[in-house]
Amino acid sequence: MAAEYGREIEVTHDIGADQTSRRSAAGFGVTLDPDGSLPHEAYAEFGGVPRVSVRLYPDDDALITVEGVEYHDVPRDDVPTFLRSVFGGLAHVRTRRFPPAAWLVVPLPGDRTYKEHLTVGLLTPWLNSRIR
């Protein structure tokens with residue numbers, strides 16, 4: 001994905017139940033889940049604008065952050081399409097004048113969208129450039 005859009009990427013990996021962020025209940029030195037599997041979590045940070053990071057959890061979902069806006073529980077299968085929408089210029093900010101409100105909308109194929117509320121006064125230059 002990074003090469004496709006000419007972006008630098010930095011990736012870190014956490015392997016083992018004692019290392020992954022959602023396995024806080026694991027005992028000291030425990031690396032396996034109760035079923036014997038080895039959980040793997042990855043964090044990828046993309047360079048350039050917009051600032052995008054992705055944390056892939058062992059539970060087949062992800063946390064995607066775009067310019068500080070967090071999208072929780074995105075299914076892992078939707079991550080590539082989500083990123084293509086953001087990097088391809090389809091993501092946009094929808095606003096309402098009264099009462100003032102804004103949302104970052106990321107459309108996906110099949111008339112699906114991810115939408116998160118924004119604080120109107122704290123929009124970054126990239127978010128301001130995406131207002132429709």
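Around CD of Glu70, the count of heavy atoms belonging to other residues, nucleotides or ligands within 6.0 Å exceeds 12. Applying the 6.0 Å contact sphere to CZ of Arg7 captures more than 12 heavy atoms from other residues, nucleotides or ligands.
The backbone N or O of Val52 lies less than 3.5 Å from no partner atom in the side chain of Thr65, so there is not a single donor-acceptor pair. Checking side-chain atoms of Arg96 against main-chain N and O of Pro99 turns up a donor-acceptor pair under 3.5 Å.
Residues Ser85 and Pro107 share a closest heavy-atom pair of OG-O, 2.8 Å. Heavy-atom minimum distance, Pro80 versus Met1: O-CE, 3.5 Å. The shortest non-hydrogen separation linking Ala44 to Val11 is CB-CG2, 4.1 Å. Between Val49 and Trp126, the shortest heavy-atom distance links the atoms CG1-CD1, 3.6 Å.
Under 3.5 Å, the side chains of Thr124 and Glu67 contain a donor-acceptor pair of N or O atoms.
In this structure the side chain of Leu118 reaches within 4.5 angstrom of the side chain of Val69, judged on heavy atoms. Here the side chains of Tyr114 and Leu108 are in contact, with some heavy-atom distance below 4.5 Å. In this structure the side chain of Thr113 never reaches within 4.5 angstrom of the side chain of Val106, judged on heavy atoms. With a 4.5 Å cut-off on side-chain heavy atoms, Arg132 and Arg94 do not count as touching. Between Pro75 and Asp60 there is no side-chain heavy-atom pair separated by less than 4.5 Å. The closest side-chain heavy-atom distance from Leu56 to Arg76 is below 4.5 Å.
Residues Val74 and Val105 do not share a hydrophobic cluster, defined by chaining ILVMFWY side chains whose heavy atoms lie under 4.5 Å apart. In the hydrophobic clustering of ILVMFWY residues, with side-chain heavy atoms under 4.5 Å counting as a link, Tyr43 and Ile64 come out apart. When hydrophobic clusters are built by joining Ile, Leu, Val, Met, Phe, Trp and Tyr residues whose side-chain heavy atoms come closer than 4.5 Å, directly or via intermediates, Leu104 is not grouped with Leu63.
Taking the ring centroids of Tyr5 and Phe46, they lie at or beyond the 6.0 Å cut-off.
Annotation: the span from Leu123 atom CG to Ser129 atom OG amounts to 10.0 Å, rounded to 0.5 Å. Atom CG of Asp73 is separated from atom OH of Tyr57 by 8.5 Å, given to the nearest 0.5 angstrom. Here the CD1-NE2 distance, from Ile131 to His92, works out to 11.5 Å after rounding to the nearest 0.5 Å. Separating the CZ atom in Arg130 from the OG1 atom in Thr95 is a distance of 14.0 Å, to the nearest 0.5 Å.
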Practice prompt. Take Leu83 and Val54, measure what side-chain contact (heavy atoms from CB on, under 4.5 Å) needs, and give me the verdict at the end.
Written response: CA-CA 9 Å; Leu83 294 175; Val54 178; 4.0 Å; yes

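Remark: Arg51 does not engage Glu45 in a salt bridge, criterion side-chain N to carboxylate O under 4.0 Å.
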